[in-house]
Amino acid sequence: MTFQNTREYAQNLDAQDELKTYRDEFIFPQHNGKNVIYFTGNSLGLQPKRAKSYVDEVMNDWANLAVEGHFYAEKPWWDYQERFANPLSKIVGANPSEVAVMNTLTINLHLLMVSFYRPTASRYKIICEEKAFPSDQYMFQSQVIHHGFNPSETIIEIKRREGEHNIRLEDILSKIEEVGDELALVLFGGVNYYTGQVFDMKTITEAGHKVGANVGFDLAHAAGNIKLELHEWNVDFAAWCSYKYMNSGPGNVSGCFVHEKHHQTNLPRFAGWWGHNKERRFKMEPNFDPVHGADGWQVSNLPILSLAPYLASVDMFAEIGMEKLIQKRNQITSYLEFVLHEIDKEVDSTFEIITPSNQEERACQLSVFLHGEGRSLFDYLMKNGVITDWREPNVIRLAPVPLYTSYEDMFEFGQILKKGILANVK
Ligand SMILES: *Cc1c(COP(=O)(O)O)cnc(C)c1O
């Protein structure tokens, strides 16, 4: 497709956009009486208008029924979380029994590591990506120390090659093979938070299993963004947060996946009453009998007020389906890329897109390395109603979320960016 960097052209793409009505389903912060151009749905998704009614329903049930709400609420609280199983399993490519919602992301990864990282004297190493999200790095280090190993000998980061921005699959695979019998766990991001690179989870999983390791993924930037086939790919476990592409609200609950093949094995875990046999949960028995399924990793009873806006969002995703989202995502990301290249030509090459240009290796994010300008350009964008985010040393990340951004936003952003660079904001 040959794009054009004009407002009319962008408006025309908007007119043809099958998802255009969903823009009205979200609340945008305002700048000079207009919607901001929102590029940070990879950090905190916008609020879906329908979230409020889901929360109000819980507030009303709590007011009217108090403790009785556990069983008699409009959506009874004691099994509220089960409403996620069907829609969420479709979003991540799982069977309904393989997904659960609970806790928050880093907590879930810790809990899953309790089951899936069980190092021995000879098999104890972990493979992860270089520049993994800091929370993941701290988690790896603390888990390794907890088991009495030395982080620097145990955690192996797959590095980018000199002068390259992205990690090569061949380097991941050859390291997995090299570590071989010593490898206990591969835990990678599905999409790198910094560059937006999408990893080939199927191939990484196969390679990890071939040497006898468990393989899990942190899907913070993948859930609701890319096509996932966790069951098919034979991934052992995964977890994601819900507040990025899935628009559930700040700091909200995490989802997790445990492959069916682990459901009957009574893997060691840190248990609590909500993971106990559902029929017998309220019998207050002394011995733990885990639910067969991802729900068997639940610990506490669930924060219903947090689940409510997440359910609103999951229902919306189910209504649309990932296929349509991915279709628009590919087109709008390509359009943004085109606009950036056009502006770059006009202002004489001052930035570089470090996200892979190959559609197979990227999703809804372009990370732009600014050579000439620095933080002041980012500040200029913010002051002019463009919300992006800044990562050291000199990168702005742009996520044109297909649910609620428009092609005209991309065009408009290009114009503001050009003005900022030409005004020589330094
Ligand atoms: C956003 C993000 C997190 C955040 O973790 P919380 O426990 O929800 O605070 C963790 N890992 C990655 C890769 C992320 O992108």
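Start at 1 and go down the list; that is how both ligands and their atoms are numbered.
Within the 3.5 Å criterion, the main-chain N or O of V215 finds a donor-acceptor partner in the side chain of D236. Checking side-chain atoms of R160 against main-chain N and O of H165 turns up a donor-acceptor pair under 3.5 Å.
No donor-acceptor contact under 3.5 angstrom links the side chains of N234 and K202, judged on distance only.
K131 pairs by the salt bridge (charged side-chain N to carboxylate O under 4.0 Å, His left out) definition with nothing, not counting sequence neighbours.
Within the 4.5 Å cutoff, the side chain of K75 has heavy atoms near those of the L311 side chain.
Near ligand 1, heavy-atom contacts under 4.0 Å come from L105, T106, F133, D136, D218, A220, H221, Y243, K244.
H147 and Y117 have their aromatic ring centers within a separation under 6.0 angstrom.
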